[in-house]
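The structure appears right after this line, and notes come after that.
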Amino acid sequence: MTPDLPPPLAERLPALRAAAHGEPLGLYLHIPFCLDRCTYCSFATTRDRDLQPATIRRLTAQVRAWGEALERPAVDTLYLGGGTPSLLSPGELAALTAALRDAFDLSPLVEATFEANPGTVDLGWLQGARDLGWDRVSLGVQALDDALLARLGRIHGAAQALEALGLAEQVGFRRRSADLMVGIPGQSLSKVIEDARALAATGIDHLSIYLLDLDKACPLRAEIDAGRLALPSEDEVADVFEALQAELPPLGLVPYEISNYARPGGESIHNTRYWERRPYLGLGPSAASQMGAFRWTETSVIPAWTQGRGRLDFQELGAAEALAEIPLLGLRLHRGVDWGALRQKAGDLNLRPLADGWEARLRALAMEGLTVWEGDRVRLSPRGMLMSNGILEMFV
C-alpha cells in the first residue's frame, strides 16, 4: 500500500492512476489559516497558527505521496486556496512549491493561482511568490466600503485592498482577480456598482461576484436571526446581479460563468475545470478530489487531518449521477452545454430516456425565455442565469 493513502483510495489506485494519466490534472492545496475569522465564514479554517508547521509538513508529505502513487502525473493548473495562503512564510511557500515540482510533472502548467487577503501581503512576499512561478493572484476584496468590511469581519480596509492589487501588478502579476460580495446587510445596489467599477479600473482581468451565503452557523447568521441585521431581499439581490450583467461588459469584464467575469483570456482555467468535470486532486483539510468515477473529500477537522486521522468521505458515482453533472455544472457556463455530445454519451450508457426528459424540460424553458438553443448547444439566458438555482435542480 502506498504511504499516506487511505484504504478506499489505495484499493482503487490502478483506476486513479489511469484517470490521472488520461489528461493533465488540476491540483488544489488548502491552507486553512487565518488571522481572524470572518463573520460569515463556515469554511475549514483556524486562527491557531501553532498548527501551521505541522500542517505544512503533512501537506508536503501528501504532495510527495500522491506524486509517487500516481507516478508523477502531469498537472496543468495549480490553486493554493484557503483560509489565507498568503500567511505562509516565504520559506514555507518555497518549500511547498519545490515539493510540487518534484512530485508532479509541471511542464504543461498554464496557470498557478494563490488566494490572498489584502491585509496580509506586502511587496516582498508578492515578489517572492512571483519569482517562484506563481502567476495569478486572487484577492479577497469583498467590498470597498470600510463599514461593510468591518461587518464582515475582514482585517483590511478599502484602501488596503486597492493597494494590494497595485502591489501585485507592480511585481509582475499580469493576472489578477478580485472577489466582490453581494447581499451584505446594509449594502446598496449603487455601492456594488461603484465598487465593481473601481475594481475594473485597476486593470484586473477577472472579477468573481459572490452571493453572501449564510446557510451554516456563523456569527453574522446569529446577528440576522436575532433581528439586529437584515439581509437584502431576493429581488434586491437579483437587481444587483442583473445590473452587473449590464455594467461590467462595457468595462471589459465579460461574464463567462454565472458568478464570474473576465477580460478575454482572463478566465480562471483551474475553476473552469470543475464546471467541465475535468479531473482534479485536492490536498489539505476539507479538500475535494475527483478522478474518473471517484470523488472524495478529506476531513475538515484540522488537528485530526494534521495527524493523519479523520474520516474520508468517499463516493463512487454511478453512470446516471455522472451524466447529470454534465448539465448541472456545464449550464453555469455562458457557453452552455453541447447537448448533442451529451445525448450521444447518454445513448452509450443506455440512459437516453433520462437525457430526453431533461431536453424536453430545457426546450420548454426556452419558451419562457430562460434557455437558449443554438443548434444542439443549450445555454441559460441572462434571465435564466438569475433563476439558475431552480432550473438546475432538475439534475440533482
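- Ring pair Y79/Y28 is parallel by interplanar angle, where below 30° counts as parallel and above 60° as perpendicular.
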### Task
Please step through side chain to side chain contact (heavy atoms under 4.5 Å, CB included) for the pair L189 and E236, ending with a clear verdict.
CA-CA 8 Å; L189 169 59; E236 289 173 318; over 6 Å; no

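- Contact check for L139 versus I204: no side-chain heavy atoms found under the 4.5 Å cut-off.
- One finds no salt bridge joining R197 and E194 here, because no Lys/Arg side-chain nitrogen approaches an Asp/Glu carboxylate oxygen to under 4.0 Å.
- Annotation: F43, atom CZ; neighbour count of heavy atoms from other residues, nucleotides and ligands within 6.0 Å does not exceed 12.
- Two residues are said to be in side-chain contact when any heavy atoms from C-beta on lie closer than 4.5 Å; V121 and V137 fail this criterion.
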#### Entry: Verdict with supporting geometry, R151 and E223, side chain to side chain contact (heavy atoms under 4.5 Å, CB included)
CA-CA 10 Å; R151 182 162 292 165; E223 289 288 295; over 6 Å; no

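- Using a 4.5 Å heavy-atom cutoff, the side chains of Q170 and Q127 are not in contact.
- Note that the CG atom of L328 and the CD1 atom of I391 stand 12.5 Å from one another [nearest 0.5 Å].
- S107 and D105 share a donor-acceptor pair across their side chains, judged by distance under 3.5 Å alone.
- For K345, the NZ atom is loosely surrounded, since the number of other residues' heavy atoms within 6.0 Å does not exceed 12.
- By the neighbour-count criterion of 12 heavy atoms within 6.0 Å, atom CZ of R277 is densely surrounded, having more than that number from other residues, nucleotides or ligands.
- Taking 4.5 Å as the limit, every side-chain heavy atom of M181 sits out of range of all side-chain heavy atoms of R154.
- Residues passing the side-chain hydrogen bond (donor to acceptor under 3.5 Å, both in side chains) test with W339 are E359, sequence neighbours excluded.
- Residues V182 and I258 fall into different hydrophobic clusters, defined by Ile, Leu, Val, Met, Phe, Trp and Tyr side chains chained together at heavy-atom separations under 4.5 Å.
- F33 places none of its side-chain heavy atoms less than 4.5 Å from the side chain of T84.
- N117 CG to I155 CD1: the interatomic distance, rounded to the nearest 0.5 Å, is 4.0 Å.
- In this structure a side-chain-to-backbone donor-acceptor pair under 3.5 Å is present from D135 to A112.
- For the atom pair T371 OG1 and R363 CZ, the distance stands at 8.5 Å (nearest 0.5 Å).
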### Task
Apply side chain to side chain contact (heavy atoms under 4.5 Å, CB included) to the pair T272 and R278, showing each step before the final yes or no.
CA-CA 9 Å; T272 298; R278 295 176 56 214; over 6 Å; no

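- Salt bridge E325/R295: present, at least one basic N to carboxylate O contact under 4.0 Å.
- In this structure, the side chain of T297 does not engage the main chain of D313 through any donor-acceptor pair within 3.5 Å.
- Here the closest heavy-atom approach between residue A44 and residue P32 is recorded as O-CB, 3.4 Å.
- Between R383 and E368 there is no salt bridge, since none of the side-chain N atoms of the basic residue sits less than 4.0 Å from a carboxylate O of the acidic one.
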#### Entry: Verdict with supporting geometry, E111 and R273, salt bridge (Lys or Arg N to Asp or Glu O under 4.0 Å)
CA-CA 12 Å; E111 180 183 270; R273 79 183 313 122; over 6 Å; no

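- Pairing each heavy atom of V141 with each of H156, the nearest pair is O-NE2, 3.1 Å.
- One N or O on the side chain of R17 and one on the backbone of A69 form a donor-acceptor pair closer than 3.5 Å.
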### Message
Run the side chain to side chain contact (heavy atoms under 4.5 Å, CB included) test on M291 and L70 for me, step by step, so that the C-alpha distance in whole Å, both residues' side-chain angles and the decisive distance to 0.1 Å come before the verdict.
### Response
CA-CA 11 Å; M291 285 190 232; L70 297 177; 3.9 Å; yes

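- Across every non-hydrogen atom of A196 and L244, the tightest pair is CB-CD2, 3.9 Å.
- Put simply, the side chain of Q52 never gets that close to the backbone of R49: no donor and acceptor are under 3.5 Å apart.
- Side-chain heavy atoms closer than 4.5 Å link hydrophobic residues (I, L, V, M, F, W, Y) into clusters, and following such links, possibly through other members, connects M394 to M387.
- Taking hydrophobic clusters as Ile, Leu, Val, Met, Phe, Trp and Tyr residues chained together by side-chain heavy-atom distances below 4.5 Å, L88 shares a cluster with V171.
- In this structure, the separation between OG1 on T77 and CZ on R136 is 10.5 Å, given to the nearest 0.5 Å.
- Counting heavy atoms from C-beta on, the side chains of R12 and E316 come closer than 4.5 Å.
- In this structure, W125 CH2 and L167 CG are separated by 12.5 Å, a value rounded to the nearest 0.5 Å.
- Results of the side chain to side chain contact (heavy atoms under 4.5 Å, CB included) test with W134 over T113, T97, L126 single out T97 as the only residue that passes.
- Listed here is the closest heavy atom pair of R263 and L251: NH1-O, 3.1 Å.
- With respect to V237, the side chain to side chain contact (heavy atoms under 4.5 Å, CB included) criterion is satisfied by exactly one of L231, L386, L212, L211: L211.
- For Y261, the side-chain hydrogen bond (donor to acceptor under 3.5 Å, both in side chains) criterion is met by no residue, not counting sequence neighbours.
- The side-chain contact (heavy atoms from CB on, under 4.5 Å) check on S259 picks up E257, R332, with sequence neighbours excluded.
- Linking Ile, Leu, Val, Met, Phe, Trp and Tyr whenever their side-chain heavy atoms come within less than 4.5 Å leaves L149 and L35 in two separate clusters.
- When all heavy atoms of G284 and E298 are compared, the closest pair comes out as O-CB, 3.6 Å.
- With hydrogens and angles ignored, the 3.5 Å screen pairs no side-chain donor or acceptor of R101 with any backbone N or O of L106.
- The closest side-chain donor-acceptor pair between N389 and E393, if any, does not fall under 3.5 angstrom.
- Interatomic distance, OG1 of T60 versus CG of D102, reported as 11.0 Å (0.5 Å rounding).
- For S286 and W305, the side-chain atoms include no donor-acceptor pair closer than 3.5 Å.
- Clustering ILVMFWY residues whenever any of their side-chain heavy atoms sit less than 4.5 angstrom apart, transitively, puts Y280 in a cluster other than the one holding L27.
- Among L9, L16, L281, the single residue meeting the side chain to side chain contact (heavy atoms under 4.5 Å, CB included) criterion with S289 is L281.
- Side-chain contact check for L220 versus I184: every heavy-atom pair is 4.5 Å or farther apart.
- Side-chain atoms of L323 and W358, non-hydrogen and from C-beta on, do get closer than 4.5 Å to each other.
- Of all the heavy atoms in L165 and R176, the pair that sits closest is O-NH1, 3.0 Å.
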